[in-house]
Structure formats: structure tokens, C-alpha cells
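I have placed the structure first, in the form of C-alpha cells, so that the comments after it can refer back to it.
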Amino acid sequence: MPVAFANAALIAVDWGTTRCRAMLLDGDGGVLAEADSADGIGSLGGAGHEDAFQALVANWPKLPAIMAGMVGSRQGWHEAAYVPVPTSPDALAGGLLSFQTSDHRPMAIVPGLVLRSEARDGDVIRGEETQLVGLMEEEPDFEGIAILPGTHSKWAAISNGQITTFQTFLTGEMFDLLARKSFLRHSVAEDADDIAGSPHFALAVKRTVAEGLPFLGAIFSVRVRQLLDGVSGDDNLAYLSGLVIGGEIAAARQIGLLDADRPIRIIGSRTLARSYHAAFQVAGHPADTRDGSALVRRGLVRLARANGLL
């Protein structure tokens, strides 16, 4: 066992649909070692979670572990119930699902968030809540909107130390369906360099956010641009990306999640965060970006401390 592991105090796990990432942490939350596998919840088929976990951390000390993500879903290791919003990090910590492995290792799974509303059919978050807690730990006085781009993009309002409401947009999934499955696939490239820096991306955001072009009408123009103006597949891919992200921003503005007075934090991968940052610049809203992986760790440490695991 490496000497550095003598200070190890906790294993923190971000277990999603496609990947499982574990971090061995010291008492201050510092990373001593990391491990990663392709044993995502989607590939396990509802079984073998303990074996996958034990294989991933086999060379580490036998320590308590806290886990976030799809590991708490119905297809996960154990289903962790949703906590209703508004809620606080302490309330989330109180909702941790605790259990033990077959060799008596203490384990905990972070619950998701649920929103119930008479105005709409409700909403859920599973995994992103940990990044929100990490942001609130990093910026205790933050009052604004946190945006977590992805296949299912999440917008969450934070105020007075609580997550007060949130909204999911199927932006990433819609982009993939339109670009890969719809008739528009013949008008866009499979990939393109520097989508966020493309003037075609900026134009599309302007169309949907500033000019109010309806999204379902705007997306047909991807085909028209190729047909009438000979726009290349690369440029049209950037345009389509701008339309879906711009459509998301326009919708958030329409339902009151976005206004000029609310600070914005974009939490996510570098590529997606760059695209959203560029879109907000076009839309006239300043936004700062945060690294999603760092906030997962910070959030897990915060919840583990509140629950006595660390």
C-alpha cells in the first residue's frame, strides 16, 4: 500500500450511465488517487454493481464511500429517493441512502431532486445535484442560475443557500437526433472544428434569442441554407448547434429563469461550456464557467462531512 494512502479517509464516486469514476480522498478532500472504468450503470444491466465497485477500488484502503449519479436510479445499485425542492445541502445530506457492502464497508448514495408543480408536470435531477452542492460550497453567497449542459441540460435557481427550482431541457438529445437521425443529417457534417467560434453559431443564437424565431420553424432553415445558399455541412452543424442552445436560452427567458439581474454559472465539460458561454455572449448575458469534475468532488466532500462519513 503506498505511503500516501496512509492519509486516505474517503472514496468518492461519480457513477453515471456510461462511466464510473472513483477518487481516493484525504481528510481535507484532496485527491490521492483516481480510478475509472467503463462499468457505467447502462452497461451493467441492473446487476453486478458491487463487483464493479470492488474491482475499481481493489488496490485502495477499505474506506467508506459516497456515490452520486445514476448509481442511485432504479437501474442502479440501490434506488435513492428524490428530495423535493426547495432544498439545502444539509437536507440532501440527510437524505443520503446508507448501506453496507457484503464485506461491511459503509456506503452512501446521494439522492436526486424532484420538483412537483401544478403549472407543469414536474421534473427530476439525478447526479447534477452534487455539482450544485459543490458550487454552493465554492460560492456560499451565490444567488443566481447554475446551468449544467448535456444530453439533458439542467437549469437550477440558487437563493439563500437553497436550490429553489430547476428545469430540464432535452437540448443535447435534440441536437443529436436532428443531426444524426432526421432528414437534416444530409445538410450537416458529422463533426466540425470550433463550433462555438463560428459566425454561423452566433447567427443561429441571434435568430432564436434576439429575433424570436420559433425553434420548430428555425430548424428547417438548416436544410434551406444548404439548398438555396450552398452552406457547407460544417457551417450548418454550427448553425444547428446555435439553434438548439439558443432555443434553450429563449425558453428559459420565457419561463422567467433568465433575467438581467441573475448571475450565471455554467458547469460542464470544456467544449460544451465554451459553446454555452459563447451563446450567452450573443444573448447579452454575462456568464462564468466552472469545471464540473471539480465541483462533483467538492459536493461529495460537503455531503460526506454533513453526514459524518468524513
Side-chain angles (χ1 to χ4, degrees), residues 11-24 31 33-58 60 65-80 82 97 101 107-113 123-134 146-156 166 168-181 185 190-192 195 237 241 244-245 248 266-276 289-300 303:
I11 295 173
V13 182
D14 182 10
W15 203 334
T17 302
T18 59
R19 304 292 299 180
C20 181
R21 185 170 68 95
M23 296 169 281
L24 182 65
V31 179
E34 295 183 80
D36 173 88
S37 81
D39 287 325
I41 296 304
S43 65
L44 290 176
H49 303 92
E50 180 166 341
D51 289 342
F53 170 79
Q54 299 287 25
L56 189 61
V57 303
W60 294 353
I66 184 170
M67 304 181 288
M70 295 306 291
V71 66
S73 69
R74 290 181 182 176
Q75 295 75 39
W77 195 340
H78 293 286
E79 185 175 3
Y82 293 106
L97 174 66
T101 57
M107 307 287 288
I109 298 177
V110 179
L113 299 179
D123 209 336
V124 294
I125 281 178
R126 176 78 74 185
E128 292 90 351
E129 75 291 320
T130 305
Q131 292 174 313
L132 295 174
V133 172
I147 299 163
L148 303 102
T151 304
H152 300 158
S153 181
K154 308 287 186 179
W155 290 53
F166 61 91
T168 301
F169 299 93
L170 265 68
T171 308
E173 186 162 349
M174 179 60 69
F175 174 76
D176 188 66
L177 289 170
L178 290 171
R180 310 298 174 220
K181 303 294 184 181
R185 71 186 185 277
E190 288 191 9
D191 199 4
I195 284 178
L237 189 70
S241 177
V244 294
I245 294 175
E248 176 184 330
I266 304 167
I267 303 169
S269 67
R270 183 175 300 177
T271 300
L272 263 182
R274 186 166 179 266
S275 292
Y276 274 73
T289 61
R290 296 289 184 270
D291 177 69
S293 296
L295 292 186
V296 168
R297 177 178 60 83
R298 189 181 287 271
L300 286 172
L303 295 171

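Only heavy atoms go into these numbers, but all of them, side chains included; no hydrogens, no water, no symmetry mates. Residue numbers start at 1 and run along the sequence shown. All figures in this text were calculated on a predicted structure; none of them were measured in a lab.
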Minimum heavy-atom separation for Ala156 and Leu132, please, with both atom names.
CB-CD1, 3.7 Å
Straight-line distance of Lys154 NZ to His152 NE2, nearest 0.5 Å:
7.5 Å
Show the nearest heavy-atom pair for residues Glu34 and Trp60, with the distance to one decimal.
C-CZ2, 3.7 Å
Does the side chain of Asp39 come within less than 4.5 Å of Leu56's, by heavy atoms?
no
Are there more than 12 heavy atoms of other residues, nucleotides or ligands under 6.0 Å from atom CE of Met174?
no
Smallest separation among heavy atoms of Ile125 and Tyr82, with atom names
O-CE2, 3.6 Å
Rounded to the nearest 0.5 Å, the CG atom of Leu113 sits from the OG1 atom of Thr130 at a distance of 8.5 Å
So Pro111 and Leu97, do their side chains get closer than 4.5 Å, heavy atoms only?
no
Give a yes or no on whether the backbone of Gly72 and the side-chain of Trp15 come within a donor-acceptor separation of less than 3.5 Å.
no
Check: Arg180 and Glu190 side chains under 4.5 Å, non-hydrogen atoms:
yes
Side-chain (Ser43) to main-chain (Ala38) donor-acceptor, under 3.5 angstrom:
yes
Hey, could you give me the CD1/CD1 distance between Ile147 and Ile245, rounded to the nearest 0.5 Å?
10.5 Å
How far does CD1 of Ile41 sit from CZ of Arg19, to the nearest 0.5 angstrom?
13.0 Å
Close side-chain approach of Glu248 to Pro149, heavy-atom, < 4.5 Å:
no
Please report the closest heavy-atom contact between Phe53 and Ala65, naming both atoms and the distance.
CZ-CB, 3.9 Å
Side chains of Ile66 and Leu303 in contact at under 4.5 Å (non-hydrogen atoms)
yes
How long is the straight-line distance from CG of Asp36 back to CG of Asp14, given to the nearest 0.5 Å?
10.0 Å
Given 3.5 Å as the limit, does a donor-acceptor pair link the side chain of Arg298 with the main chain of Val133, or not?
no
Any side-chain heavy-atom pair of Trp77 and Thr101 under 4.5 Å:
yes
Check for a donor-acceptor pair, side chain of Arg297 on one end and backbone N or O of Ala12 on the other, with a separation under 3.5 Å.
no
Closest non-hydrogen atom pair between Gln131 and Val296, with its separation
CG-CG2, 3.4 Å
Given Glu129, Met67, Arg126, the one that forms side-chain contact (heavy atoms from CB on, under 4.5 Å) with Val110
Glu129
Hey, does Ile195 have a side-chain heavy atom less than 4.5 Å from the side chain of Thr271?
no
What distance separates Tyr276 OH from Thr171 OG1, expressed to the nearest 0.5 Å?
4.0 Å
Does Arg274 reach the main-chain N or O of Arg270 with its side chain, forming a donor-acceptor pair under 3.5 Å?
no
Identify the two heavy atoms, one from Leu300 and one from Ala68, that lie closest to each other, and give their separation to 0.1 Å.
CD2-CB, 3.8 Å
Quick one, Phe175 and Leu237 - any side-chain contact, counting heavy atoms below 4.5 Å?
yes
